[in-house]
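Note: hydrogens, waters and symmetry copies are ignored here, and every other heavy atom, side chains too, is used. By convention in this document, chain letters (A, B, ...) are assigned in the order of the sequence lines, proteins followed by strands, and residues within each chain are numbered from 1.
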Amino acid sequence: MENILETKDLSVSFGEHDVIKDVNLEIERGKLISIIGPNGAGKTTLFNLLSGQITSTKGEIYFKNENVTKLSVPLRARRGIGRSFQLTNIFPELTVLENIRLAIQSSSKDYYSIFPRLSALSRQQDEAKAYMKKCMLNGKEHVLAQDLAHGEKRKLELAMLLALKTELLLLDEPTAGISIEEIPAILEVIENIKKDGMYTIVLIEHKMEMVMHLSDILVVLFNGELLASGNPQEIIKDQRVQTAYLGGLHRESIKTG
Amino acid sequence: MEVFINLLVNGVSTGLLIFLLAAGLTLIFGLMSVLNFAHGGLFVWGAFSGAWIYKETNSFLLAIVGAIVIGMALGWVLERFLIRPVYGNHVRQLLITLGGMLVLSESIKIFWGPNPIRVNLPGWLEGSYQFDGIIIIKYRVFVIVVGLLLYLALWLLLSRTQIGLMIRAGVMDKEMVQALGINVKGLFTFVFLLGAALAALGGALLAPYSGVVFAEMGMQYAILAFIVVIIGGMGSLQGSALASLIVGVAGAFMAYYIPDLSLALNMLLLAIVLLVKPTGLMGEKGSAV
Amino acid sequence: MSLLKLDNLETYLGQYHILQGVSMSVEEGSITVLFGRNGAGKTTTLRSIMGFNPSTTGSVHYNNQRISGISTHLISRKGIGYVPENQGIFSALTVEETLNLAKAKSKGETEEKMEWMLELFPDLKKFWRKKSGLLSGGQKQMLAIARAYINGDGLLLIDEPSKGLSPIMVEKLMESILKMKEKTTILLVEQNFLMASEIGDYFYIMDDGKIVHKGLMQDLKEDKATCQKYLGIA
Amino acid sequence: MRGLFHKVPLYWGLAIMLFMLLFPFVNDSRSMLILLTQIFIFAIFAMSFDILLGYTGIVSFGHCMFFGIGAYSTAIIFNHLEATLLNFMIGLAIGIILSALVSYIIGSLSLRLKSHFYAMLTLAVSQLFLVLAEKWRGLTHGGDGFTFSVPDVFKDRTSFYYITLISVAVVFILLKLFTESSTGKVLKAISQNEYRAEALGYKSLHYKLIASVTAGVAASFSGALYAVSLRFINTNVFSIEVTLDALLMTMIGGLGTLAGAIAGAGIIEFLRHYLSELAMTYPIFERWTIILGFLYIVVLLVFPSGLAGFIKRINLKNKRKMKKKGELQRVA
């Protein structure tokens, strides 16, 4: 299997503080990778680097063998890197269908058209319905996004990511702020997407049961460095990972630094 | 040479009047990021009430004090009933303060009729000084002196007093100021009233200077003040002072040499600043973009 | 005696139900640490106490007085000092001006408090006339703590002081905070378990907007299972 | 066409259109026809403003400049050339091209700035046009203005009534299609969450430019009709009151609905008509601008979503009530 994403010595520092240090990642297409690590380890920063919200101070990012290190957020989105945020980010006063259509339009060519073309409309409609099905939003076409339940908003967000023809989905805590009853549905959607085989998913998640259940590969980040990566079952038993979580590696880093 | 000096004096005095108007705008914006379109309304109310009180009492001092009191009273009403309900919503602030502006300048016509009214200079400020052919009008010197004194006073207030310290801190982090036990709403009311007083004073000083006052003047000067505030940098007092002088002086020269283009000149200055440094000459808070 | 008492706080941020019934108390003269992962609601708890994000139900009592529902500046004047997560530094004010501002609405022995803070954080004295924006990260944190203490010495709410600081700096700060316990009560939000567990007396753990665990810090250190469940990995 | 028009409003729209078409046969009061014509013209103007404020969230305080550009272009053409329909078309085209250019230039200069700046800048530029119109006396005759003659078909009140009525209908349908198009949806998206729209890959500046040019062109058209209806023009078309009219009409009718703008134009023009009649007996009403100003403030404070929002809220309440009733019945 080819690698969809690779990073080479990726680093970023804010002032004198290194937030991400020489991270080398290789992510295979079609896999689900979870990034874990204690708070402040740099997980969200790593996401920001991958999606282009911030630019690296050192190192490169390759997406489908193309160097995307210097590209802006919209350009990366065009190439297939999409990201969901910790807070849902949809257009509240548009319907579910319109939200998804917006995403489809953006990835198709006819996006400056001033008058609606009916053929394009119905094609988009069908496409949108397919995404809605995959994300279990059937029957909600004409509901305003603001009237959706919380978990459904998350699903809509995922559907929009798919509609953007995203190949690499960066999901930042997809279950945060969602009630316990709604979590299984979100999990099912993520599994649905994964089953398709077309999508590669990178996940930041704190709920360990979920991480263990979903992931093919676990990546542990600590103090901005890649501490370990590999099979989830093995990673979890790693003694260094255990102490890292309790803040115990600080002393070691004092010694080395 | 004579022309040059005269134009300079004219420009500086006009600039300082604009500064009085702009100072309030910029302080209010800096502290609460409220852009008060109605500010020009306070200015024109200051002009009319000052002129009216002077005509009735023949006391220039009383006219100025009265104008300030009326300006502050209107400012209080504005703050309490128009601006407070829409805190934090920029679009509604813009829309509602524009309505406030309209009501303020229209109500002028109810009280003083729709026609411009003439205003006379107080006797002790009439006349001019002459040095070797250079004629300097007394009242302009008076305006310059008052303007400089007020700038100094404002600067002292901001840099030397406790309330100035609170205002400066509030511009940077409103929440933290509250967490230090300071009532930000009260602080804002204070700044708003201060701004209203300055605007009304500016109007009252302008009235005898231009000799005639009219209701539409508020909007005209408000636009000038906005241009000044953007050029100087939103929220910066020094920036506003500098930009006021630039606009005043450049306007005076333009009005003398190419009178038809004087308003275009300000737009040109504005466009250049917006293109080159959208935060203004001395703005650093990054209020633009 | 408990100085601060939260009773069943429920707080919404927009449509998000952040605090879902938070009850806790802080004993006078103690350091209480509030643990929990990102997004658990720790910062919102402090912000609800300060009145920035008032709770919709439930109450906060300080010194047996109800302080929920009144505005922030009045809460502060009861003697509660606050160090926000981003430190809330007034970057264009000097150290001197910042600390003077802290005295403005503070009661009691402000001079004495000021002296003690300068003794505890001599760097502040060194950079007395420097703009606070130019201080280093650690110095800014010292300034924020000193400002909060001078402003209200009854109770200090400190939100993640170790964030973004070097380990040596964190250690120094934690020592200072421990010293401050002599004269004030502290509610500390922290992620760094090993550091915080050394200075804390009591702890609470939050998850998903609820308190899921509480007790003596001593017990938590020995309770590996709880540590792993909420603070580490399963 | 499902989804473009919901059925009920479509029927309502057709019924109102039919009524308006028949109106001159029912009531041939000249003043009523003139008033309605005025309403149609301002309805176009208000709709153009709604594209900016309601659909895209752009606050412009200088919308009168496009109205004025359209009005002056037509008036000046008729002042210099013969009063023929062809010349009207030429004047209209000049106005539209000028407006498109001006809105494009102002927009690309300042739409990337915050709303404050744009509002102020447009206000200042529109005042510049006012000054220009006052100073360029050779072309505009300054503040006194000038009269001109118009083609006969415009002179006849009834035929002009129909021309403006059809104009409103056409502009409404065109703008409705525009707002329902992909571009329109992106505009709506930008007004709700600009950052997110950018993240979807839409360059918001381009879309805002499209909106402001569209609005400028439509406003210019209404200005041309306005000039023709008066057969006279002066610098008043560039005054801030004209912008305020647009604001008031869209705010009262409800933002982002187009139909609301039409209703708002009707309400304001009727109000103005009756207030100025009242002014004959009570001089205080000569200052009706101040009454409109107060009305505007009250609307902003009390009904921020206007008449349309108010109706929507009532509908929603009824729906919820019905839903509740249904649930109760099910429980029972």
Side-chain angles (χ1 to χ4, degrees), chain B residues 26-27 29-33 79-80 84-85 87-89 154-191 232-240 279-287, chain C residues 43 46-47 49-54 67 70-108 110 131-133 140 143-144 146-159:
Chain B
T26 203
L27 282 179
F29 182 82
L31 187 62
M32 301 304 269
S33 56
E79 201 262 337
R80 180 72 192 74
R84 250 189 223 184
Y87 265 149
N89 186 332
L154 272 180
W155 181 76
L156 284 176
L157 175 83
L158 281 178
S159 64
R160 292 285 186 276
T161 66
Q162 190 139 61
I163 197 156
L165 193 56
M166 290 177 188
I167 293 170
R168 281 188 293 148
V171 168
M172 285 172 260
D173 191 334
K174 238 183 316 190
E175 266 194 356
M176 197 57 227
V177 164
Q178 275 173 290
L180 292 178
I182 295 158
N183 182 359
V184 165
K185 270 190 195 153
L187 199 61
F188 179 60
T189 308
F190 171 81
V191 169
M234 292 274 211
S236 158
L237 195 71
Q238 281 90 343
S240 291
T279 50
L281 293 177
M282 297 200 176
E284 42 190 332
K285 251 188 89 192
S287 42
Chain C
T43 296
L46 295 195
R47 290 179 59 86
I49 297 171
M50 285 309 291
F52 291 126
N53 303 126
I67 57 165
I70 64 176
S71 40
T72 300
H73 67 278
L74 297 176
I75 293 175
S76 160
R77 287 187 203 172
K78 305 267 181 209
I80 302 180
Y82 175 58
V83 181
E85 204 177 357
N86 63 3
Q87 302 170 337
I89 291 298
F90 304 122
S91 49
L93 300 193
T94 62
V95 172
E96 178 186 16
E97 286 174 324
T98 304
L99 295 182
N100 278 336
L101 190 65
K103 283 199 298 194
K105 297 289 173 190
S106 172
K107 288 172 291 202
T110 47
K131 290 248 153 72
S132 354
K140 280 182 191 160
L143 178 61
R147 178 181 62 188
Y149 175 73
I150 291 166
N151 182 246
D153 58 354
L155 171 69
L156 286 190
L157 310 177
I158 308 180
D159 199 347

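Residue C:Phe52 touches chain B through its side chain alone, counting heavy-atom pairs closer than 4.5 Å.
Between C:Leu93 and B:Ala169, the shortest heavy-atom contact is CD1-CB, 3.9 Å. Listed here is the closest heavy atom pair of C:Ser76 and B:Gln178: CB-O, 3.9 Å. Among all heavy-atom pairs drawn from B:Met166 and C:Leu101, the shortest one is CG-CD1, 3.7 Å.
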Check the pair C:Arg47 / B:Glu175 against side-chain contact (heavy atoms from CB on, under 4.5 Å), numbers first and verdict last.
CA-CA 10 Å; C:Arg47 290 179 59 86; B:Glu175 266 194 356; 2.7 Å; yes
Passes side-chain contact (heavy atoms from CB on, under 4.5 Å), B:Arg168 versus C:Glu97? Steps please.
CA-CA 10 Å; B:Arg168 281 188 293 148; C:Glu97 286 174 324; 2.8 Å; yes
Evaluate the side-chain contact (heavy atoms from CB on, under 4.5 Å) criterion for residues C:Arg77 and B:Asn183: first the C-alpha distance (whole Å), next the side-chain angles of each, then the deciding distance (0.1 Å), finally the verdict.
CA-CA 10 Å; C:Arg77 287 187 203 172; B:Asn183 182 359; 4.3 Å; yes
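Between B:Ile182 and C:Lys105, the closest side-chain pair of non-hydrogen atoms falls below 4.5 Å.
Other residues, nucleotides and ligands contribute at most 12 non-hydrogen atoms within 6.0 Å of the NZ atom of C:Lys131.
Of the options B:Leu165, B:Val171, B:Leu180, a side-chain contact (heavy atoms from CB on, under 4.5 Å) to C:Phe90 is made by B:Leu180 and by none of the others.
Here the CE atom belonging to B:Met176 is positioned 10.5 Å from the CD atom belonging to C:Gln87, to the nearest 0.5 angstrom.
Each of C:Ala104, C:Gly152, C:Ser71, C:Ala144 has some count of heavy-atom pairs under 4.5 Å with chain B, and the biggest count is that of C:Ala104.
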